[in-house]
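To keep things clear, I will list the structure first and then write my remarks on it.
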Amino acid sequence: MIAEKKESGTKSVIKLEHVNKSYSQDEIVFPILNDISFEITEKKLVTLMGPSGSGKSTLLNILSAIESADSGKIEIYGHNLSQASEGELTIYRRKTIGIVFQFFHLFPYLSAIENVALPLYLAGVSNSVAKTKAEEVLSLVDLDHRKAFTPKEMSGGEKQRVSIARAIVHQPKLIFADEPTGNLDSKSSKIIMDLLSRCVKDLGISVFLVTHNEEIGQSGDINLHMLDGKIQTK
Ligand code: ADP
Ligand code: MG
């Protein structure tokens, strides 16, 4: 099933063919993802909804190369993720993608700017360049006034803006966000969704987000729905 009609000349960003994943416990196999196939072209905001336990996070983890599929083909920008070496996957995680979590996953003892600069330090960028870039993206998410604050000194919405800054500081091509507004009030949720839309429109990043919010789940360029380990367009 193709999730979207591909116009000629548009680049394929995510392409899944017959992807399966199951977990085993005490020799009982639990199928989680069941023959998933879809394709997403570039610069799209993609939403994914579905009941708890339907496999949304598992799919996101597979796309983020945190987990691997049991079978099927996963292509990101034409590169087969299933055949990539561990070294290539590390580069993929560090350079190609950015990840945003529901509960932020910020380092509690680091300031906003240090949290945002961290992926650049890990990539070997010098301290001064990393700090300058972190400052630029914190400004982009309207947090100039919070750059020296630690997570406990910030609201949930501000923490999520720091996470988004951290996810885009290395100029990724793709952002995966697992319920990024799941822990936020409606006003903060709107700010986060506006920011993610700007990532797509202004920065050309593709965003793939999981949500439980019906309104957000209908607001994407492509809105997917997951049920019984299968994906359907809505
Ligand atoms: P969702 O994000 O849609 O709520 P998940 O992808 O987190 O769903 O989980 C889908 C199913 O897979 C759930 O039944 C969950 O218990 C199971 N599951 C997820 N991760 C594991 C794991 N590491 N080991 C065994 N079962 C798992
Ligand atoms: Mg989940």
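First listed ligand is number 1; within each ligand, the first listed atom is number 1. Excluded from the calculations below are hydrogen atoms, water molecules and symmetry mates; all remaining heavy atoms, backbone and side chain alike, are included.
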(request) Any pair with a residue in residues 104-146 that passes ring pair (Phe, Tyr, Trp, His ring centres under 6.0 Å), sequence neighbours left out, goes on the list, sorted by first then second residue, please. (result) Phe101-His105
(message) Test: side chain to side chain donor-acceptor pair (under 3.5 Å). Region: residues 45-64. Which pairs qualify, not counting sequence neighbours?
(response) Thr47-Asn223, Ser57-Asp178, Asn61-Glu67
(message) Treating Ser206 as the side-chain partner and Lys43 as the backbone partner, does any N or O pair qualify as donor plus acceptor under 3.5 Å?
(response) yes
(request) Salt-bridge test for Asp194 and Lys190: reply yes if a basic N is under 4.0 Å from a carboxylate O, no otherwise. (result) yes
(message) I need the protein N, O or S atoms closer than 2.8 Å to the Mg ion (ligand 2), given as residue plus atom name.
(response) Ser57 OG
(request) Would you kindly say whether Gln160 and Ser163 are connected by a side-chain donor-acceptor distance under 3.5 Å? (result) yes
(request) Examine the side chains of Thr132 and Glu135 and answer whether a donor and an acceptor come within less than 3.5 Å of each other. (result) no
(request) Could you tell me whether Glu86 and Arg93 have a side-chain N and a carboxylate O separated by less than 4.0 Å? (result) yes
(message) Given a heavy-atom cut-off of 4.0 Å, could you list the residues near ligand 1 in chain and number order?
(response) Tyr23, Ile32, Pro51, Ser52, Gly53, Ser54, Gly55, Lys56, Ser57, Thr58
(message) Under 4.5 Å between side-chain heavy atoms, counting indirect links through other Ile/Leu/Val/Met/Phe/Trp/Tyr residues: same cluster for Leu45 and Leu184 or not?
(response) yes
(message) Tell me if the NZ atom of Lys133 is crowded by more than 12 foreign heavy atoms within 6.0 Å.
(response) no
